[in-house]
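Read the structure below first, then the notes.
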Amino acid sequence: MSEGVVTAASGPVVEGSALPFACVDDEGRGTHEKVVKKQAIRCSLSRICGVCGETLTRPVAFVGTPDEALDGEFAFPPCHVACAREVAADPRQRLGHEQRPHRWVLVSTAGFDLVRPARRGEPVWFRPNSVLERETL
């Protein structure tokens, strides 16, 4: 991804909107309400964007609900700042949540940690290890 170029979600179109990379399973299917755990882990370990699937550059962005931003743990994997802005602007995107929140919060960071689940079947979480900027979208 070139700097300043937004590639955004380019997965299969569901409900009139392309699915983010992290919401698409191995068969090329998915929903806006569910982050595919395997993809989320891949985003973290390979440092790729949860929206476009391209290599991450710094700063890294997390986009989530106000509660996620307050708690410092996000359900949706890291992404490019530009991809986060574009996907948050799409009213059909839910980024792994059952319902779209009234507003999204974007947190940019230089690094993050993958929080693995305590029990099998539970989702992974992502924790920014420093907050560079916080913005309500």
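Just so we're clear, the structure is a prediction, and the values are computed from it rather than from any experiment.
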task = Working to the nearest 0.5 Å, report the span between SG of C43 and NZ of K38.
result = 12.5 Å
Greater than 12 external heavy atoms within 6.0 Å of E15's CD = yes
task = Please step through side-chain contact (heavy atoms from CB on, under 4.5 Å) for the pair H97 and T65, ending with a clear verdict.
result = CA-CA 9 Å; H97 297 279; T65 66; 3.8 Å; yes
ask   = Could you walk me through whether V35 and F76 pass the side-chain contact (heavy atoms from CB on, under 4.5 Å) check?
value = CA-CA 7 Å; V35 172; F76 195 78; 3.8 Å; yes
query = Is there a donor-acceptor contact under 3.5 Å from the side chain of D71 to the main chain of E73?
reply = no
request  = Might you work through the side-chain contact (heavy atoms from CB on, under 4.5 Å) test for W125 and E68, ending with a clear yes or no?
outcome  = CA-CA 10 Å; W125 292 88; E68 287 177 308; 3.5 Å; yes
query = If every non-hydrogen atom of S17 is compared with every non-hydrogen atom of Q93, which pair is closest and at what distance?
reply = OG-NE2, 3.0 Å
query = Between A22 and P77, which heavy-atom pair has the shortest distance, and what is it?
reply = CB-CG, 3.6 Å
All side-chain contact (heavy atoms from CB on, under 4.5 Å) counterparts of R103, not counting sequence neighbours = P66, T136
inquiry  = What I'd like to find out is whether the side chain of R42 reaches to under 4.5 Å of the side chain of I48, using heavy atoms alone.
reply    = yes
ask   = When you look at H80 and C52, which way does the side-chain contact (heavy atoms from CB on, under 4.5 Å) test go after all the steps?
value = CA-CA 8 Å; H80 299 106; C52 72; 3.5 Å; yes
Backbone N/O of G111 and side chain of T109: donor-acceptor pair under 3.5 Å = yes
ask   = Can K37 and E122 be counted as an ion pair, charged N to O under 4.0 angstrom?
value = no
ask   = Where do A18 and G11 come nearest, in terms of heavy atoms and distance?
value = CB-O, 3.6 Å
Residues that R92 engages under side chain to side chain donor-acceptor pair (under 3.5 Å), provided they are two or more places apart = D90
query = Which atom pair, heavy atoms only, marks the closest approach of G30 to V14?
reply = O-CG2, 3.9 Å
query = Shared ILVMFWY cluster between V87 and L137, side chains joined below 4.5 angstrom?
reply = yes
message = Please check: side-chain N/O of R134 versus main-chain N/O of L106, any donor-acceptor pairing under 3.5 Å?
response = no
Connected hydrophobic set around V124, excluding itself, where side chains approach under 4.5 Å = I41, L45, L56, V60, F62, F74, V105, V107, F112, L114, F126, V131
remark   = One should read off an interatomic distance between L19 CG and L95 CG, to the nearest 0.5 angstrom, of 10.5 Å
query = Backbone N or O of A88 within a donor-acceptor pair of the R100 side chain at under 3.5 Å?
reply = yes
ask   = Any side-chain heavy-atom pair from P20 and H32 closer than 4.5 angstrom?
value = yes
ask   = From R58 CZ over to S108 OG, what is the distance, rounded to the nearest 0.5 angstrom?
value = 12.5 Å
